[in-house]
Every structure is written in C-alpha cells, then in structure tokens.
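Taking it in order: structure first as structure tokens, then the write-up.
Per chain, numbering begins at 1; letters A, B, ... match sequence-line order.
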Amino acid sequence: MAKPTLLLIDGNSLAFRSFYALINQVDRFLSHEGLHTNALVGFNNLLDGIVDPFQPDLALVAWDAGKTTFRTEKFDNYKGQRDKTPQELVEQFEPLREMVALHGIKNYELPGYEADDIIGTLATKGATAGYAVTIVTGDRDMTQLVSDDITVWVTKKGISEVDHYTPAMVADVYDGLNPKQIIELKGLQGDTADNYPGVAGIGPKTAIKLMKEYHSIPELYARIDEMKPSKQKEKLIAGEADARLSRELATIDVDAPLAINLDDLKYQGIKYEELVPFYQHLDFKAQLVKLANMGYVISTSDEDTTNSNMTTVELDVRELSATNLTAIENLGSEVDFYLELDGENYHTAAPVAFVIGNQTNGYFASRDVELLIEDTPLKRILTDEQVKKNVFNTKALVVALSRLEINLVNVNFDLLLASYLLDTNDNQNDLGALAHENNFFAVQTDEEVYGKGAKFQIPAMDADLFEHLGRKALAIGSLAKPLFAKLAEHAQLDLYQTIELPLSFVLASMEIAGIKVDAERLLQMRSKMTERLAELEQRIYQQAGHEFNIQSPKQLGVILFEEMGLTPLKKTKTGYSTSVEVLEQMADVPIVESILMYRQLAKIQSTYIEGLLRVIHGSDSKVHTRYLQTLTQTGRLSSVDPNLQNIPVRVEEGRRIRQAFVPSKPDWVLISADYSQIELRVLAHITGDAAMQAAFRQDEDIHAATARRIFGLAEDAPVDAEMRRQAKAVNFGIVYGISDFGLAKNIGVTRKEAKAIIETYLNEYSGVRAWTEEIIEFAREHGYVETIAHRRRYLPDIKAKNFNQRSFAERTAMNSPIQGSAADIIKIAMINMQAALEEQGLEAKMLLQVHDELIFEAPAKELTQLEELIPRVMDSAVKLAVPLKVATHAGKTWYEAK
DNA sequence: TTACTCACG
DNA sequence: ACGTACGTGAGTAAG
C-alpha cells in the first residue's frame, strides 16, 4: 500500500521568489484597492500547480515569525546585510496566509524559529510516522533534509518549474556528497544572503573537495594536522571559529518546540465558494473565469457602484430552426444580439452563427444564417425601431448585416464602445476579455474556445458553440445596466449616445462605400518603380563593393560603420541606427544618398503600390478600410486593411500615389476638406490664452504670430522663413507636451537655447503656462484627464516614482485633451455632415477621415453647393472661444484635391 | 514575435 | 541627474 503523504511548503522563500519573479511589473499587478498582487499571483499559481494535483493527506505552509530567531541570538549579524523587505511585498503577507487557508492548507509560524526549522521538524516527525514527505521551497539549502522518505522540490528560475531532490539527485549535484554534508559545505563557504561568513577564501569548489576527503567540519579540524602546509591550511586554521559558527547557523533545526502535531495538518481541499470573494477582492480575473466555468456563482457587482446585478452562470440557450422561429417573436422590446464571423475583417468574413434573446426569455442560437436573411421575425426585430438591441461592436455588425441586406437600427448598448469610453487603457477586442475586465466572468474568451493561430477552429458541436455564443449574449445583456451607470457617473452618456454610437453608423457607411483605386495606374507605377529600384540597387552594390541586403539595417550598419568606416551617430538596442535622421547627417556620402533614395522608393513600392494592390476588392475595384473606433488612447480613429490615414503627401514621389485614388463614377470628383490648425485652436480654447485667441480671431498666420512673440519682433514686422519654421516647431512642441531636449533636437538649436525659447513662449502665452500646470495637477488629483466631450484618459503613471514614466504621463496629460478634443470635434462634424448630405438630398458621399480632414466624392454638379455646405457644417460642429476654419479642394483624383 | 524603419496627422 | 517630443499601421529582417 502506498504511504500517506505530507506536503510542507516554505511560505517565506516562495513568497519572495514569486515577488521577485514579477518585480519588473510590480506596478502592473495592482488590485482596485491599490494592493500589490504580484507575489499573490505567483503563489496562487504555485498552489494550483502543485497542491491541487498532489492531493496530499497532510499539508502545511510554514512562515517566518519575525526577525529574531535562535540564529540571531548566536550571531547578531545573521541576515544582517539583507535589504529591508519591500513594502510592496510586506502588504501581501496577510492576504497570502488567507489564500493558503482558502486552499485548505494550514499556516504555521513559531516565534524564534524560521520556516525552515518548522519544516525540518515536521519532515522528520512525518518520516518517522511513515509518511512520504515532500518539501516545496525556493531555497536549495533545504536539500540537507533529503532522505529516502523526504523529497525536496526546489523552484528553478521563474518559479513555475521545480527540481526534485532525492538522495540520488543530491549526490549528482554535489559530486557524491550526501544531503547532511550540504550543512558542512555551507559552513565552509558561508552564505552572503544570510550574511554568515564561512572560512574566508574557501568557495564552493574547494568546499566540495575538502568534504569528499574529510566528510565533515569536525572531522576536518580533528585531522587538520595531516594536511600539508599550504595557504589553504592557514585559511582553514584562521577560519575555524567562523566555520563552526556558520555550520551551526546552516543547520536546520529538526527538533523545534512546535505547538502543533501531524494531526493538525489535515489537508481540507480548496474552499471554492470562499475563494470567489477573495479573488474578486484581489481582481484575479483569470481565476474567477476558471471558477465561473466550474459553475460557481459570481456577482458582477462592483464595490464602487450601487448596482448589484447578480448573475448566475445558468444559461438557457436553445437551438433556433425554421420550425421554432415563432419563439423569438415573444422576446419583447429589448434583445441581446451577437453575430459570429469567421475572420476579423467583417467586410469579407463569412457569418458563422448568431444568437439572439435576453435574460428574461432565454437565448436562441443557430448556424443557419439564412434565417436572418429571409423575411423572418429575426429580420423584423433587427430592423424594428421599437426593439432595442444590445450588441458588441455596432460598426462590425452594421457592416456584416448590410451584406445580408439587413439594416440594423436602434442599438441601445454596445459593450465594446461603452468599455472603451470608460477606460481606454483596457481596450480589448475580445468580448470575453472585456467582460472579465468589467467583472462579468461567466463567459470565456474566443482564444479559450476557438484556439489561436493554426489551431483556430470554431467548435463543430452545436452544443459547444451555442453555449459560448449564449454566454457572449448574456455578457452583453448583463453589462448594459452597470456600464450605463458608470457612463452616467463619468458624465459620458452624451459622448456615448450623441457621438460614438451614431458615429459607428456613419463610419459603417463610409467603409461600405469604400474608395475606388485605379489599379492600372498603380501597375504602371510599379513597373517604373521596379526599374528605378533595380538601378539603385546596382549602384549601391557598386558603392559598397559587394552585394548585400539593403533592407537589413544590420547588414547596412556593417557596411557603413565597419567596412566604410563612417562614424555611427546613434545606436539602437541591437546595433547601429541607420534611420533617416542619422543618414541625413552624412548625406554627402554617395552611398548614403543612394540608400536614402532606395529606402524612400522601396517604401512607396512595397507599402503603398503593392500593399494597395493587394487589398483592392475584385468586385468593385475599391478599397474598404476598417476604422478602429476603440483603439487609440486619445479618441482618434485608426485605419487598417488598408491604412488610408498615412497615404504619402509630404514628398512628391510618394504623393503621386494619390493619383490612383479616384471617384467611383464618371463625372464625379473627390473633395477634401481640412481643418486649419485645429489642435492649436483647441489649445487656444481650452487654455483660455488671450493672446492666442486674439491671433485666431483676427485670422492671423499663427506660426508667424508666435515667431514675433518668441523672437521679440514688432506686431507687424515681417517674419523670415527660418523664424517661422522654428515657431511652428515650438507650437507643435507645446501640443506634444514640450521638453527643451525634444525641441532642441527638432529645430537644431542647443538645449539651452530651446529652454530659453520655451520660457519666452510661456511668458508670452501665459494662459498656456497656467493651463499646463493646472492640467498636470488635475491629472495628479483625479488620475485622468478629459476632452471637451468628456472623453477620458487615465494616467496611472502620473504618480510614478520613475522620472521617465512620470514625465511621459505629464506630457500625455497636456497632449491628450488637445488631440482628443480635436478628435471629438471632427467626429461631431462627421455625424452632422452625414445628416446634412441626406437632408439636402445630395448624392455626395463621405469616404475617408484623416484626423483633421474629410474626403468626399460627389457628382461634379454638386460641387458648388458642397463647397459651401461642407465648411459650414464642419466649422459649426462645436462652438469654441475661437473660430474653426476649414478649407476645401476638389479634383479628379485625391492628388488633385489638394 | 520583436526590432527597426518610415508613412501620416 | 534622470532621457524625452503626441497619436497611429505596415513592411521587412531576424531571432
């Protein structure tokens, strides 16, 4: 019969190991109450990974009771050099014990003794009583306890893996010595961590050699006369007292006066119900998901809201088919709806399955997408203005449904959008992950259910798929109320209801419309470019003396800075930097000129010509970008597949790419409309700076006006181009959260000069100075900053001890309200614009947004009307203390619409 | 996957 | 003294 088992865990050493394993991210493991949890996370994984599969009969976690032990009495410097335990760890000790208890394991500590001694004593007792003993620790010294009955598991780097020390393993690692002799080794070597000396000049190698010959320290000194005279012998004689003391200190006490017996250590098993609130307290999302999936009830209530929405994991999902369609006619006036696609690009991905329903009447799922298309109650609900829809990602759904010719209306709650507005930091595109962030755990992430990469697969079993989809719908439905409450608390209901949600529909139409790309034109460009690149390539090989991969910064670095002996001006993490700013400083070297040109053309070729050709839809010769509405930290949009917000414009070569963007119909034109200086106007508005506001009210050239101020010119003095250039850089710098270093680098002056310029600027625009100070103070006090439309950005690093992190947060505090308010404005303009076009019965369509610019296509005959309408709608989007200014340009291609 | 480079506002 | 401009996406190389 197998022996009963006793598991002994070294709490202190494992807590330290866990803590330091995640020390780099210590500030990322913070509970909502501000408790650090990195050691708790590591320790929890350890308990789950070891105790759970182990199912011991007896178990104990031993802790150190305090600083003074019998060892400090013998040697008052014991552990003397050790740094004070960091506060971030100290605060985790109490919860660690609580966690151990909830895992069904006894905690124990004994004043005057270390955890080692408690373990040593119980291990010995256990072995005698016939238990198979296992010790888990982060401290290899414990291997001195190893015997036939006692195995010691020592964590390796990263704590998740352990080495199993048996007598054979000890012999293997210590060159044939037995476990008890580890004490002798420590006696000779000492221990820097515990701060006891050993014999000066004896290290691990010598110690092992000596013990192989003399077996133990007492025997060594008994036989020391046998030793031939040597430096080593002298050291041993001089260090005898230290050796004997160190040996004593290294010896684990196996007879500590414990107040507990083996009987007290019965393993209780995990107390799941009690773990739920405990994990909630610590914000252990992943653990809560695990428990939810095991069927434990988790409340979604949040301590800081009054809402207490209890959700059980019981779920009612039925399969929907043509025969029971009538069931959904009785769902009522509010439904949760989710449509699963087989890919992330909703313009092309195929619908896989859907789920509809609500908590009151249950959920219905089906793989039969045809059910949506035909004239069924489903389609009627989705297109019914009277039925509220709760969804995840309105825009994706609108586009996907529009491909099925379903016009989705009356979206009430969008989980993705609402979560993004509440906290841009935890923007996730996975419904499950987002639900977890919002304390709803009865749903898994797609990765958990579908796998990822090559393993991605939608479950073949209806039951599995429908369960997952049902839970998604349930998550959406359950979170509507609490998230609306939070939006209200943040004064963001308006932002959600009048800006972001309507914008989803506007963006969907723009994406669906797409923009036509002249593939022929791109193909012409490509063949020309191929020739030019081939020529350049040959020239570069000649200049270098041999062939190499020009596109490899690593190989290029070797050519320039080793073979050709040029001076490297900047380094990256991995080697020499070969970026434009570096190469431009040595541009009179012929090969460098060639490389800069090659890079420019290669970029145009691969990213724009070939990149665009790849994404043109065969059906309509258009590209249909996707705007990511819930990604940026500032509230801007971003654009992918393709990115139409970074089409070249600054350099003529690249700008010609725009010749390939054309209207979708003959006799139509493209019109671009851009806000002039929107960010600086926003700056003038929110800082309330009188001088800057006056400049905009008088429609002055703002950069020239700034140049006059920072260079002390008269009000009507002419401003030369260089001064204007510098002033422009300063204006930009202010928007970015200026630093003297950044400005100096940008305009090529010394840091000191830059500092002086900034100082003058802030004196001249004193409202700006006051505001920058105020906004940083606001961020410190509230932990976030916001835009004119109450878009919020949290800045946890504003209080960071690390100078860099803190400085970055301070610059962000200045930049985000400006960039974000500009984003608010153009979003409002887009919604109004869409409405105005409809109202006026115009054929014109809004196609693209590029942060401060909108691009339309329209019949040429509407041009005159649009040239009045577009600027009027855009500049009246919001009322600021300064006017907004919009310029329009029209042409047969995007290139000409400048 | 990460680093580098470079396109845009 | 610290080491910096803000916000993005995509292609290529190389581990």
Side-chain angles (χ1 to χ4, degrees), chain A residues 424 452-453 548-557 570-584 595-596 598-612 614-615 625-628 631-651 653-655 657-658 674-680 683 729-747 751 754 758 785 793 800-820 822-823 826 848-854:
Chain A
T424 53
K452 67 167 177 179
F548 67 102
N549 186 345
I550 305 169
Q551 311 238 62
S552 160
K554 199 174 159 190
Q555 294 182 32
L556 181 60
K570 206 179 132 193
K571 275 197 279 189
T572 66
K573 265 188 239 171
T574 51
Y576 311 110
S577 170
T578 64
S579 63
V580 181
E581 55 170 312
V582 172
L583 297 191
E584 270 177 353
I595 286 162
L596 284 170
Y598 182 92
R599 285 238 181 106
Q600 201 182 89
L601 299 188
K603 175 86 177 177
I604 294 167
Q605 179 82 315
S606 67
T607 304
Y608 297 104
I609 299 181
E610 290 173 348
L612 272 175
R614 268 199 294 276
V615 291
T625 187
R626 281 179 296 133
Y627 288 105
L628 305 186
L631 182 137
T632 70
Q633 294 294 307
T634 53
R636 275 191 177 180
L637 301 175
S638 87
S639 157
V640 294
D641 273 351
N643 180 357
L644 294 180
Q645 291 182 320
N646 71 346
I647 302 301
V649 67
R650 292 170 191 168
V651 178
E653 299 266 11
R655 189 172 195 150
I657 293 290
R658 295 179 175 227
D674 65 295
Y675 282 110
S676 159
Q677 310 295 357
I678 188 164
E679 291 192 345
L680 287 175
L683 180 72
V730 180
N731 277 329
F732 272 107
I734 293 291
V735 170
Y736 293 154
I738 202 157
S739 75
D740 50 11
F741 184 93
L743 181 65
K745 197 167 84 169
N746 197 293
I747 62 175
R751 200 167 151 170
I758 295 169
V785 290
R793 179 171 186 179
K801 293 195 187 75
N802 180 301
F803 175 87
N804 272 327
Q805 288 178 6
R806 192 175 62 249
S807 302
F808 183 55
E810 288 171 356
R811 292 197 293 273
T812 312
M814 299 184 243
N815 175 261
S816 290
I818 300 168
Q819 194 182 110
I826 195 164
L848 304 177
Q849 188 249 45
V850 193
H851 308 307
D852 63 355
E853 175 185 11
L854 296 174

Just call it for A/F732: base, sugar-phosphate, or nothing, with non-hydrogen atoms closer than 4.0 Å on any strand. nothing

Touch check for A/G733, heavy atoms < 4.0 angstrom, all strands: base, sugar-phosphate only, or nothing? base

Could you tell me whether a side-chain N or O of A/D641 sits under 3.5 Å from a main-chain N or O of A/T625, the two making a donor and an acceptor? no

Test your reading of the model: is there a side-chain donor-acceptor pair from A/Q633 to the backbone of A/T424, 3.5 Å cut-off? yes

Distance in Å, A/N815 CG paired with A/T634 OG1, rounded so as to fall on 0.5 Å steps: 7.5 Å

From CZ of A/F803 across to P of C/dT4 the rounded distance in Å is 11 Å

May I ask you to decide if A/I647's main-chain N or O and A/R658's side chain share a donor-acceptor pair within less than 3.5 Å? yes

Quickly work out the A/R811 CZ to C/dT4 P distance and round it to whole Å. 9 Å

Quick one: label A/R599 by what it contacts on the DNA or RNA (base, sugar-phosphate, nothing), any heavy atom closer than 4.0 Å. sugar-phosphate

Can you name the closest pair of heavy atoms from A/T632 and A/L637 and give their distance? CG2-O, 4.0 Å

What's the gap between C/dA5 and B/dT2 when it is taken at their C1' atoms, as a whole Å value? 24 Å

Distance under 4.0 Å to a non-hydrogen atom of chain A counts as contact; along DNA chain B, which nucleotides mark the start and end? B/dA3 to B/dG9

Does the distance from a Lys or Arg side-chain N to an Asp or Glu carboxylate O, for A/E584 and A/K570, drop under 4.0 Å? no

Minimum heavy-atom distance A/Q551-A/A602, with the two atoms named: OE1-CB, 4.0 Å

Please confirm whether any donor atom in the side chain of A/R751 sits under 3.5 Å from an acceptor in the base of C/dG3, or the reverse. yes

Is it true that a side-chain atom of A/R793 and a backbone atom of A/V785 form a donor plus acceptor pair closer than 3.5 Å? no

Expressed as a whole number of Å, how far does the P atom of B/dC6 sit from that of C/dC2? 28 Å

Classify the nucleic acid contact of A/I818 as base, sugar-phosphate or nothing, counting any heavy atom under 4.0 Å across all strands shown. nothing

Donor-acceptor check, side chain of A/S807 to backbone of A/E810, threshold 3.5 angstrom: yes or no? no

Using atom P in both nucleotides, what's the gap between C/dG3 and B/dA7 to the nearest angstrom? 29 Å

Only Watson-Crick and G-U wobble pairs with both distances less than 3.5 Å should count. Give DNA chain C in dot-bracket notation, marking inter-strand partners with |. .....|||||||||.

Taken to the nearest whole Å, CG/A/L680 to P/C/dC6 is 17 Å

Of all the heavy-atom pairs spanning A/Q805 and A/A800, show the shortest one and how long it is. OE1-CB, 3.5 Å

Within less than 4.0 Å of OP1 or OP2 of C/dA5, is there a side-chain N or O belonging to A/K745? yes

A/A744 near the nucleic acid: base, sugar-phosphate alone, or nothing, with a heavy-atom cut-off under 4.0 Å? nothing

Rounded to whole Å, CG of A/L683 lies from P of C/dC6 at a distance of 16 Å

Looking only at atom types and distance, does a side-chain atom of A/Q645 sit under 3.5 Å from a main-chain N or O of A/Q849, one as donor and one as acceptor? yes

Treating primed atoms plus P, OP1 and OP2 as sugar-phosphate and everything else as base, which nucleotides of nucleotides 8-15 of chain C get B, S or - for protein heavy atoms under 4.0 Å? SBSSSSSS

With A/T578, the side chain to side chain donor-acceptor pair (under 3.5 Å) member among A/R599, A/Q555, A/K554: A/R599

Please classify the nucleic acid contact of A/N746 as base, sugar-phosphate, or nothing, using heavy-atom distances under 4.0 Å. base

